[in-house]
Amino acid sequence: MIQLLFLVLFVEGAITFLLLIKIGPLRELVIKSLDQMKMGKGPATVKTIAGTMAVILFSNLMSIVKIQNKGAKLGTMSPMDQVLWRTHLLEASLMGVVLFLGFVIDRMHHYMRKLVNLRGNVGSSKEELEQLQKERTELKEKEEKASKEIKQLQEKLSSMSERLKKAETESKEKEKKVETAETHVTALQKQSAELLLEYDRLLEDNQKLQSQILGTTKS
């Protein structure tokens with residue numbers, strides 16, 4: 001029993017050492033082995049072994065207490081009781097250390113797994129940050145390009161507005177010229193009508209004179 005406890009204690013010490021100090025790929029190998037142990041029926045088996053060891057530890061402690069009480073009553077312990085007391089004490093000490101190292105290994109594995117996950121999350125977060133920075137740069141470039149296009153459109157719109165104002169001014173001037181020309185044409189038409197009336201009156205007077213002249217000639 002004691003030899004087995006020393007063997008378990010040596011194995012747990014080696015695992016603790018490998019978890020504390022990184023030696024090549026050994027730490028990852030130990031972590032993967034512990035991961036496999038915690039899968040399936042592994043946790044239940046480990047808990048059963050730990051519970052059995054705790055019961056044996058409690059039994060050894062009770063035996064130690066009984067032997068001490070027996071020696072206290074007799075005033076001394078027999079050589080056999082001394083051997084049993086030392087054996088139980090050694091077994092109890094080894095089991096206590098084994099259980100403690102098992103708990104330490106479990107906690108170290110738990111926190112190392114968390115650390116690995118955090119590093120993975122940090123790595124993915126860095127990639128996401130780089131991607132966001134890249135997208136931000138692309139958005140800035142697109143924004144600058146859009147700003148330049150907006151400025152160009154504003155310049156074109158401003159030029160078109162000036163041209164439109166100029167065309168409106170020219171159109172108004174042409175409208176004024178057309179109105180002036182229409183007024184002039186209307187005046188000419190009025191003068192032409194008056195001239196036609198005057199011409200008709202003169203023709204009528206001429207005809208009257210010619211009739212008078214003809215009448216005078218006949219008489």
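For Met80, the side chain to side chain contact (heavy atoms under 4.5 Å, CB included) criterion is met by Ser78, Leu84, not counting sequence neighbours.
Heavy-atom minimum distance, Leu19 versus Met108: CB-CE, 3.5 Å. Of all heavy-atom pairs spanning Ile64 and Ala92, the tightest one is CD1-CB, 4.3 Å. Across all their heavy atoms, Val98 and Glu12 have their closest contact at O-OE1, 2.9 Å. Closest non-hydrogen pair, Met53 versus Met95, comes out as O-SD, 3.7 Å.
The CD atom of Glu170 sits 9.5 Å away from atom NZ of Lys177, with the distance rounded to the nearest 0.5 Å. Taken to the nearest 0.5 Å, the CG atom of Leu118 stands 13.5 Å off from the CE atom of Met112. Trp85 contributes atom CH2, which lies 13.0 Å from atom CG of Asn60 (distance to the nearest 0.5 angstrom). Leu203 CG to Arg201 CZ: the interatomic distance, rounded to the nearest 0.5 Å, is 10.5 Å. The structure places NE2 of His110 at 15.5 Å from CD1 of Ile105, a figure rounded to the nearest 0.5 Å. Separating the NZ atom in Lys142 from the CD atom in Glu149 is a distance of 12.0 Å, to the nearest 0.5 Å.
Looking at Leu90 and Arg86, their side chains never come closer than 4.5 Å, going by heavy atoms from C-beta outward. By the 4.5 Å heavy-atom criterion applied to side chains, Leu132 and Glu135 are counted as neighbours. Contact annotation: the side chain of Thr169 never approaches that of Lys166 to less than 4.5 Å [non-hydrogen atoms, C-beta and beyond]. Tyr199 is not listed as a side-chain neighbour of Leu195, based on a closest heavy-atom distance of 4.5 Å or more.
Judged purely by atom type and a 3.5 angstrom limit, Ser147 has no side-chain atom pairing as donor or acceptor with the backbone of Glu143. Judged purely by atom type and a 3.5 angstrom limit, Ser192 has no side-chain atom pairing as donor or acceptor with the backbone of Leu188. Distance alone, capped at 3.5 Å, places no donor-acceptor pair between the Asn206 side chain and the Leu202 backbone.
Clustering ILVMFWY residues whenever any of their side-chain heavy atoms sit less than 4.5 angstrom apart, transitively, puts Leu89 in a cluster other than the one holding Val65. The hydrophobic clustering, which links ILVMFWY residues whose side-chain heavy atoms are closer than 4.5 Å, places Leu26 and Leu34 together. In the hydrophobic cluster analysis, where Ile, Leu, Val, Met, Phe, Trp and Tyr join through side-chain heavy atoms closer than 4.5 angstrom, Leu18 is grouped together with Val11. Grouping the Ile, Leu, Val, Met, Phe, Trp and Tyr side chains by contacts below 4.5 angstrom, directly or via other members, places Ile67 apart from Met62. A continuous path of hydrophobic side-chain contacts links Ile15 to Ile21 [ILVMFWY only; heavy atoms under 4.5 Å].
Of the candidates Glu173, Glu175, Lys174, Ser171 forms a side chain to side chain contact (heavy atoms under 4.5 Å, CB included) with just one, namely Glu175.
Counted within 6.0 Å of CZ on Arg136, heavy atoms from surrounding residues, nucleotides or ligands total 12 or fewer; the atom is thus considered open. The neighbour count for Arg119 CZ, taken as heavy atoms of other residues, nucleotides or ligands under 6.0 Å away, does not exceed 12. Glu198 CD: more than 12 foreign heavy atoms inside a 6.0 Å radius.
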Test side-chain contact (heavy atoms from CB on, under 4.5 Å) applied to Lys134 and Glu130, step by step: CA-CA 6 Å; Lys134 185 177 179 181; Glu130 290 177 356; over 6 Å; no

Worked verdict on Phe103 versus Leu99 for side-chain contact (heavy atoms from CB on, under 4.5 Å): CA-CA 6 Å; Phe103 176 76; Leu99 291 173; over 6 Å; no

